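Below you'll find the structure, written out as structure tokens, and then a few comments.
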2 protein chains.
Amino acid sequence: MVEMQLDERKIKIMQAIIRNYLETGEPVGSRTISKYTDLNLSSATIRNEMADLEEMGYILQPHTSAGRIPSDKGYRLYVDTMMEEKDKELEELKEMMLEKEDKMDNLLKQVAKLLAVNTNYATMVSAPAVHRNKLKFIQLSRVDVNQLLAVIVMEGNVIKNNILQVAEELNDETILKLNILLNTHLNGLALEEINLGTISAMKQQAGIHSAIVSDVIDAIAEGIKADEDLEIYTSGANNIFRYPELADQQKASEIINTFEEKQMLTELVQDTLSDESNTGIQVYIGNETPIQTMKDCSVVTATYELGEGMRGTIGIIGPKRMDYDKVIGTLKTITHQLDDLYKKK
Amino acid sequence: MVEMQLDERKIKIMQAIIRNYLETGEPVGSRTISKYTDLNLSSATIRNEMADLEEMGYILQPHTSAGRIPSDKGYRLYVDTMMEEKDKELEELKEMMLEKEDKMDNLLKQVAKLLAVNTNYATMVSAPAVHRNKLKFIQLSRVDVNQLLAVIVMEGNVIKNNILQVAEELNDETILKLNILLNTHLNGLALEEINLGTISAMKQQAGIHSAIVSDVIDAIAEGIKADEDLEIYTSGANNIFRYPELADQQKASEIINTFEEKQMLTELVQDTLSDESNTGIQVYIGNETPIQTMKDCSVVTATYELGEGMRGTIGIIGPKRMDYDKVIGTLKTITHQLDDLYKKK
DNA sequence: TGTTAGCACTCAACTCATTAGAGTGCTAAC
DNA sequence: GTTAGCACTCTAATGAGTTGAGTGCTAACA
């Protein structure tokens, strides 16, 4: 068998097939390509080329007498080498972002929604993992005879509240002392930097109230941990009904469920964040996705960064024939926008 | 025309029709009823009765040669007069509830999920409106040179955080004074009870720092208001795919969207909460629902109360042929359970 | 007078065959 | 290497025929 190569013409045909399929969602025939492109080739010639492309695994036929559709490998080729990014009218998007919300979670919810409306795909945004974030401020206050409120503020003004049950009654002065103790020892530390040495030093200074120190440390750990099984915001799940290839009951139900449970989406976030090498944007086509229920979709994710150590993920989930150019362009804009937003604050 | 009456027999037939339809989801024929019941009537007799029932508007025919299905009026009759509550094995449900979560929102999320899994319908839980709730405790702390953190704790340990930007630099002593000022004036008050008199008195005492008092009041108002466009948790939206009559694309998409947006669900909450007369449980059948997109569903809602003024709503959304007995029983259990939970704390 | 048997009728749903049309592969000619 | 052309394949759409569940109505029965 002669070794086949992806020559210029094959690439052009491939491009034409994908472009057309992205638009219509229908298998593309040779005649269409013959007219659609400026190659001036007859459908017969295209057919020959398409037979080659099929043999090479870039396209496939749903059935004998249908046109061709891109295979996962074909999409991959497209994403890796053939895309021209559209930096289209994302201006409006920018503007909307600038109506900046104060609260982080509201902002992220809005981002998810904005993206969904803008792209007509399903979207998810993970709140930044607070992992390596530093403690900025701790405040204990008494709310009831035997209840303490612990407010924990982290770098980036992420705030955690926790109510502690305490056995002993504490007077105002003790609480004040504890506050000073906690803040002098812990401020500026990241969670990993709080070691046993620090803790025992604090306990010693706390004297009879050492139990409370333990409780507070636990509260901090818990507050941060609660954040670690990530908060994820989603939007536009029902957009999948726009794409007939995803809209049948079986698939739709699975996808909707994944979106509602959110649990499974964390895998996507993990996967995206773990890949340090990337340029910020990652494309999963079909089976490449870490989430089994989305094997008929493509997923494009981007990482955004709000100051050091605080990285979150934005994901767009759509059919394999999604408009990769637009999606990637939009994601780039959004992530830059988020970066800027942080810097301005 | 002779006036028709719902005699004993008609009621029995009606019951049989509904019971059967709830199970199968298919139109019910006369022959089925003839065998299904212990009435010992021929199908012909049943047919006559059914003709009457149809004329009275309790049942209807999807098409000439099909059996009958209950109309909204028919379901209403059933719910109002014919149901026998099942207080079945809800014990496990109780047990699961008792793994009580500390954080309110986690608890409510869990309730939504639990209900969804248990009933196989879609569910929603609204966080209790904090509206008439009383302030328990306010705490200002400095987190940065020109940033104050205001922590607002309400009755029931609902906590709001708010970061205030302040123009002037404040020393610790000033902040302490402000804290005392705020707490002495505001503790125990509900939002409506904070009137201009209170505020101006506080401002006067605050002297040059009166601007901050305004900011804090605003923060309180805002914090509470943010809570007023209600937090709603949903679960099991994909359960609608279990019921063919809701699973077609058009309907499914609309329902899923309503669940994702949540915005529209607030209407349901409003409606449920506004009805002071009710016994806690409300049933909306088909077009009775305040949410247009759910006109093909039935919605059963319950109000739960966590201390005075803190009332939330639990809703179960399913097909019109939902298992009303079970759903109502379950809702009763859950709401009582929530009540108990609060009392124990 | 209420109940029932029986029959003609209706209509959705299914099967089956046919057709139309889109698309292919292959061959022969350019 | 390219193309025209033709036989072939297969899906999707169409329509006729059949089935079966269910009805309404009538006449007979208790």
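Letters A, B, ... are given to chains in the order of the sequence lines, protein chains preceding strands, and every chain is numbered from 1. Computed from a predicted model, the values in this text were never measured in an experiment.
- For B/Ser43 and B/Ser30, the side-chain atoms include no donor-acceptor pair closer than 3.5 Å.
- Atoms CG (A/Leu41) and P (D/dA4) sit 11 Å apart, rounded to a whole Å.
- Protein atom CG of B/Asp7 is 11 Å distant from nucleotide atom P of C/dG2, rounded to whole Å.
- No more than 12 heavy atoms of other residues, nucleotides or ligands sit less than 6.0 Å from atom NZ of A/Lys12.
- A/Thr32 places no side-chain N or O within 3.5 Å of a backbone atom of A/Val28 that could act as its donor or acceptor partner.
- Phosphate proximity of C/dT4 to B/Thr45: present, with a side-chain N or O under 4.0 Å from OP1 or OP2.
- The minimum heavy-atom distance linking B/Leu6 with B/Ile11 is given by the pair O-CD1, 4.0 Å.
- Interface residues of residues 16-34 of chain A facing DNA chain C, ordered by number: A/Gly29, A/Ser30; criterion, heavy-atom separation under 4.0 Å.
- Looking at heavy atoms from C-beta onward, B/Val299 lies out of side-chain contact with B/Ile316 at the 4.5 angstrom threshold.
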Going through the checks in order, is the salt bridge (charged side-chain N to carboxylate O under 4.0 Å, His left out) test met by B/Arg321 and B/Glu245?
CA-CA 10 Å; B/Arg321 62 181 172 101; B/Glu245 65 266 46; 2.6 Å; yes

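- Salt bridge B/Lys295/B/Glu288: absent, no basic N to carboxylate O contact under 4.0 Å.
- Judged purely by atom type and a 3.5 angstrom limit, A/Glu254 has no side-chain atom pairing as donor or acceptor with the backbone of A/Met294.
- Side-chain contact check for B/Thr45 and B/Ser42: at least one donor-acceptor pair (N or O, by modelled atom type) lies under 3.5 Å.
- Atom CZ of B/Arg9 and atom C1' of C/dT4 are 12 Å apart (whole Å).
- Regarding B/Lys10, its NZ atom lies at a distance of 10 Å from the P atom of C/dG2, rounded to whole Å.
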Which atoms of nucleotides 14-19 of chain D (N or O only) lie under 3.5 Å from a protein N or O atom, and what are those distances?
none

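- The side-chain tip of A/Lys320 does not point at the ring of A/Tyr75 from less than 6.0 angstrom away and within 45° of straight on.
- Around atom CZ of A/Arg76, more than 12 heavy atoms belonging to other residues, nucleotides or ligands sit under 6.0 Å away.
- Under the rule for a side-chain hydrogen bond (donor to acceptor under 3.5 Å, both in side chains), B/Thr335 has no partner lying at least two apart in sequence or in another chain.
- No donor-acceptor pair under 3.5 Å is formed between the side chain of A/Glu54 and the backbone N or O of A/Leu60.
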Please list each protein N or O that sits under 3.5 Å from an N or O in nucleotides 24-27 of chain D, with the distance.
unit_1: D/dG24; atom_1: OP1; unit_2: B/Arg68; atom_2: NH2; d: 3.0
unit_1: D/dG24; atom_1: N7; unit_2: B/Arg47; atom_2: NE; d: 3.1
unit_1: D/dG24; atom_1: O6; unit_2: B/Arg47; atom_2: NH2; d: 3.2

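- We find that CG of B/Leu60 is positioned 15 Å from C1' of D/dG22, with the value rounded to whole Å.
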Could I get a table of every N or O pair under 3.5 Å where one atom is in the protein and the other is in nucleotides 12-17 of chain C?
none

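- Summarising the geometry, the separation between CD1 on B/Ile59 and C1' on D/dT23 is reported as 12 Å, rounded to the nearest angstrom.
- At whole-Å resolution of the value, CG in B/Asn40 and C1' in C/dG2 are 16 Å apart.
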Dot-bracket assigned to DNA chain C with the 3.5 Å Watson-Crick/G-U criterion, [ ] for crossing and | for other-strand pairs, is ||||||||||||||||||||||||||||||

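- Heavy atoms from other residues, nucleotides or ligands lying under 6.0 Å from CG of B/Asp80 number more than 12.
- For the side chain to side chain contact (heavy atoms under 4.5 Å, CB included) with B/Thr301, the qualifying choice from B/Asp271, B/Thr272, B/Ile314 is B/Thr272, the only one to do so.
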